[in-house]
Amino acid sequence: MSVSEIFESLDYGAAPECVDEAQAWLEARGRRFGHFIDGCFTAPGEGFESRNPANGQVLAELSQASAADVDAAVRAARRAQGKWAGLGGHGRARYLYALARLLQKYSRLFAVLEVLDNGKPIREARDIDVPLAQRHFYYHAGMAQLMESELPDAEALGVCGQIIPWNFPLLMLAWKIAPALAMGNCVVLKPAEYTSLTALLFAEICREAGLPKGVVNIVTGDGAVGEMIVQSDVDRIAFTGSTEVGRKIRAATAGSGKALSLELGGKSPYIVFDDADLDSAVEGLVDAIWFNQGQVCCAGSRLLVHEPVAERFYAKLRARMDRLRIGDPMDKSIDVGALVDPMQLTRVSEMVAANAAGERYVADTELPQGGCFYPPTLITGLNPADALMQEEIFGPVLVSTTFRTPAEAVQLANNSRYGLAATIWSENINLALDVAPQLAAGIVWVNGTNLMDAAAGFGGVRESGFGREGGWEGLAGYTRLRGSRKRLKEIVPFSGDGSPETSIDRTAKLYIGGKQARPDSGYSAPVWGKSGALLGQVSLANRKDLRNAVEAAQAAKSWSRSTGHLRAQILYYIAENLAARSDEFARRLDALQGGKAGAKEVEVGVRRLFTYAAWADKYDGQVHGVPIRGVALAMKEPVGVIGALCPAEAPLLGLISCMAPAIAMGNRVILAASEPFPLAASDFIQVLETSDVPAGVINILTGRQEELAEPMARHMDIDAVWCFGAEALSCVVERGAASNIKRSWVNNGFARDWLGAEGEGREFLQAATEVKNIWVPYGE
Ligand code: NAI
């Protein structure tokens, strides 16, 4: 090309990154790798090839871990864990800091190796993946340092199994390993089969940092190895990947007592209002959907454009697409690299080819030959129900439709089974901040997109998974509260043959939508006291009653928008009305349970209502300082509708302990009362009826928890299920929750001291809220 031609086209010249060091690193290891177990690399075994997706060249041979390898890794982690936790926060902080420094020292090698293995543009690996991975270790060195002072009641979970995908191999590794280690856990991590090389380089820097052996173990292999880790003797599974595999893992770990976090797919809306700076919004889209070839779980892949500007916006967008440079990922002036593997190229191509709806625009750009390249594509004019508007494509393909009003934009945005992220583009701050809270998403970006930082929790709602990574909230998943951990004792209801004290029918009803309701089954069961006296009859709720309760709870949405002040007032009022009848409730509890603990239970119940009335307007979010021109507002939002299987023991206090934190945070609840002692809940209905609780906010069902647990866990309009009932129910709930990946919180057969500190507090408030991080521009 002559100088005058370059002057005319203003085209970039090639700026290739040097790959020699990375190739030499591979060569020096014979291009064959074993696993990293107990501080050593195992001899390479049978396995598979890792290829460069930009040109198909084989980079290395990796080993497929056997059951024995996984077992050895888990045992090494288990052996190392006590000592690692025992190092204390400062001791661990020094190691995390050393790892951060080494990531920095080898940053170029990490970036180049990542690009060879994954196909992403070197600019991204160099400027985003690697620096963010370093930042994660620095940030969590700080968390380790602060653990003892800031989280005095928390302890490590133990051994964590971590399974990561191929789209951000090193960054996902950092997201998983840094917080786990900071909190005193040891890990067994499996990188994705397509992209394991930077994880193996990371294993080497663990050695260089002098990390005690067994603290970090890395095994390579495909999904079968992932399954083995899921089944192994670990205390937690942290997974990032497809919703389909996440669902399997939820079902596979049900009832095992393993903690779980799932960071899954998305179909995140990107909303452009007519008052947006359209050129910025187009540039934002380049980062939203062409960043990492669209292989980003939070990619802005569903473009919603305000009708008045749609044509103008699409025209600008098409022009920009034509200027995207697609080619050798190792070229520093490339915008779009290669997809990770031929399987992903096939998957994306087939999904797009199967779509006949809308109009397709393909960037006018030449595709390099021989690699997994797919052209930037825009499909406009789709209907909300079209497959491509609903399914994650995970490639450089943007789908779009238009909207007329902000309300319609919100409706379209939320019309998805996913809820990971959302982007709002508008110059009107009132509009942006009005729309942000209405979006079903764990992350919202205003006039920016795909922003991530260690200080801001990352994760979604709905079928995008549960749990957060990063920030304070990310630590919860790697710790547990210190506690007694006594097993739950089974409570057998009393039996008897006595006759009722009065001849009047005393069948207690259910409480649904603010009204006392007879059960759909028409059945009731007698409730006997310890002495064998008949204390009353209790209604037996079935799945139909549950459905009615869900409908009532869904209709009470305005509770979630009410102020903390109002919710506090109602909780105080419930407490006042309960206190006024405390003698009567104490007698009832004594008659039901035998003994004389009733008065204490009522007293603690009143106190607990006060506690959550106090929290209702004080459990605030945070403002995270993030290293960009902006802040992330970590807002605590209600989860939605929570179903709770209340404890059998402490029949009144247990019910209050589930109900009060949930409604204090703005949720609506469906409470399945204590099965052996249900009449305490039935009496409590009268207290609620006199306490100004809006209809549908609290619903109470009595009957067999076993019958209610599964439909509760499977119900699509229940957002979370808590289970403090019999041990076997934990498994039923977790397995059922896999259906729509809802959040669950179960006791795994461990008892809780409901009268004491374990019966209330931040653990409950956390379970009753979702953190939504809203990134807004702020400052210069
Ligand atoms: P995947 O979910 O199968 O793989 C992710 C990780 O899970 C890998 O390490 C894999 O080896 C492991 N794995 C696979 N099956 C497993 C099992 N049964 N038990 C335990 N671990 C298992 O994702 P895949 O097939 O690579 O990509 C398929 C689609 O998933 C993509 O097209 C995309 O839509 C989505 N995806 C989403 C990601 C995200 O970040 N949300 C990341 C990767 C894929």
Side-chain angles (χ1 to χ4, degrees), residues 47-48 50 53 62 64-65 70 117-120 129 161-169 171-173 175-176 188-196 198-199 218-232 234 237-253 258 260-268 289 291-299 301-302 339-352 372 374 387-388 390-397 417-421 442-443 450 452 458-460 462-467 469 738 741:
F48 52 97
S50 193
L62 304 173
Q64 168 82 1
V70 171
D117 207 13
N118 168 280
K120 62 175 69 206
D129 296 53
Q162 308 184 314
I163 301 167
I164 57 172
W166 39 258
N167 50 350
F168 295 92
L171 185 56
M172 289 300 110
L173 172 147
W175 280 23
K176 296 280 182 284
V188 176
L189 176 132
K190 189 193 84 64
E193 51 273 42
Y194 308 106
T195 53
S196 304
T198 47
I218 292 172
V219 290
T220 52
D222 60 12
V225 180
E227 274 178 53
M228 287 183 221
I229 295 176
V230 168
Q231 295 300 342
S232 72
V234 294
I237 293 290
F239 174 77
T240 299
S242 63
T243 294
E244 188 193 338
V245 173
R247 206 186 308 279
K248 277 191 205 161
I249 294 178
R250 168 69 294 176
T253 53
K258 287 172 193 155
L260 178 65
S261 68
L262 297 176
E263 204 270 278
L264 310 175
K267 191 77 189 176
S268 298
I289 187 68
F291 169 53
N292 204 16
Q293 298 69 246
Q295 302 166 126
V296 183
C297 50
C298 53
S301 53
R302 215 161 29 109
L339 298 188
V340 72
D341 187 83
M343 76 75 202
Q344 191 63 8
L345 182 61
T346 309
R347 194 178 282 167
V348 172
S349 310
E350 285 178 358
M351 273 183 92
V352 175
C372 302
Y374 193 90
L388 289 191
Q390 294 294 331
E391 299 305 322
E392 186 175 40
I393 303 173
F394 227 62
V397 182
R417 64 194 170 106
Y418 296 113
L420 188 49
I443 307 147
N450 268 342
M452 298 163 203
F458 187 97
R462 298 183 174 173
E463 293 194 25
S464 292
F466 46 76
E469 300 197 283
I741 321 223

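Order of listing sets the numbers, starting from 1, for every ligand and every atom in it.
- Atom numbering of ligand 1 starts at 1 in the shown order; those under 4.0 Å from a heavy atom of Gly226 are 19 (N), 20 (C), 21 (N).
- Only backbone heavy atoms of Asp222 (N, CA, C or O) come within less than 4.0 Å of ligand 1; its side chain stays farther off.
- Listed by number with element, the atoms of ligand 1 under 4.0 angstrom from any heavy atom of Gly265 are 41 (N).
- For atom 14 (C) of ligand 1, the nearest non-hydrogen atom of the protein is Gly223 CA, 3.4 Å.
- Of the protein's non-hydrogen atoms, Cys297 CB, 3.4 Å is the one closest to atom 39 (C) of ligand 1.
- For ligand 1, the polar-atom distance check finds an N/O of Ile164 within less than 3.5 Å of one of the ligand's N/O atoms.
- Taking every heavy atom of Ala192 and a limit of under 4.0 angstrom, the matching atoms of ligand 1 come to 9 (O).
- Nearest protein heavy-atom contact of atom 12 (C) of ligand 1 is Ile163 CG2, 3.7 Å.
- Without hydrogens or angle criteria, Ser196 side chain to Ala192 main chain gives a donor-acceptor distance under 3.5 Å.
- Using a 4.5 Å heavy-atom cutoff, the side chains of Ile289 and Val397 are not in contact.
- The aromatic ring centres of Trp175 and Phe458 sit less than 6.0 Å apart.
- An N or O contact shorter than 3.5 Å links Trp166 to ligand 1 by distance.
- Side-chain N or O atoms of Gln344 include one that pairs as donor or acceptor with a backbone N or O of Phe394 at under 3.5 Å.
- Scanning the protein for heavy atoms near atom 10 (C) of ligand 1, the closest one is Glu193 OE1, 3.6 Å.
- In the vicinity of Lys190, heavy-atom distances shorter than 4.0 Å reach the ligand 1 atoms 8 (C), 9 (O), 10 (C), 11 (O).
- When each atom of ligand 1 is checked for a heavy atom of Glu227 under 4.0 Å away, the hits are 17 (C), 18 (N), 19 (N), 20 (C).
- With a 4.0 Å cut-off on non-hydrogen atoms, Asn167 touches ligand 1 through its side chain and not its backbone.
- Nearest protein neighbour of atom 3 (O) of ligand 1, counting heavy atoms only, is Val245 CG2, 3.6 Å.
- Not one N or O of Val230 is nearer than 3.5 Å to an N or O of ligand 1, by distance alone.
- Counting the atoms of ligand 1 from 1 in the order shown, those under 4.0 Å from a heavy atom of Pro165 are 42 (C), 43 (C).
- Closest non-hydrogen pair, Lys267 versus Glu391, comes out as NZ-O, 2.7 Å.
- In this model, a donor atom of one side chain and an acceptor atom of the other lie less than 3.5 Å apart for Asp117 and Ser50.
- Gln295 places a side-chain N or O within donor-acceptor distance of the main-chain N or O of Val340, the cut-off being under 3.5 Å.
- Proximity of Tyr374 to Leu345: side-chain heavy atoms (C-beta onward) are separated by under 4.5 Å at one or more points.
- At a heavy-atom cutoff of 4.0 Å, ligand 1 is contacted by no atom of Gln295, backbone or side chain.
- Looking at Glu244 against ligand 1, nothing comes within 4.0 Å, counting heavy atoms.
- For atom 31 (C) of ligand 1, the closest non-hydrogen atom on the protein side is Arg347 NH1, 3.3 Å.
- Between Leu260 and Phe466 the shortest side-chain heavy-atom distance falls below 4.5 Å.
- For the pair Lys248 and ligand 1, the shortest N or O to N or O distance does not fall below 3.5 Å.
- Between the side chains of Lys176 and Thr240, a donor-acceptor pair is found at a separation under 3.5 Å.
- Atoms CD1 and CE, on Ile163 and Met172 in that order, are 14.5 Å from each other to the nearest 0.5 Å.
- The option from Ala224, Ala252, Ser242, Gly246 that lies nearest to atom 1 (P) of ligand 1, judged by heavy atoms, is Ser242.
- Checking Phe394, Tyr418, Phe239 against atom 33 (C) of ligand 1, the nearest heavy atom belongs to Phe394.
- Atom CZ of Phe168 sits about 11.5 Å away from atom OG1 of Thr195, to the nearest 0.5 Å.
- Here the heavy atom of the protein found nearest to atom 34 (O) of ligand 1 is Glu392 OE1, 3.0 Å.
- Side chains of Thr243 and Tyr418 form a contact here, defined as non-hydrogen atoms less than 4.5 Å apart.
- Within the 3.5 Å criterion, the main-chain N or O of Gly459 finds no donor-acceptor partner in the side chain of Glu263.
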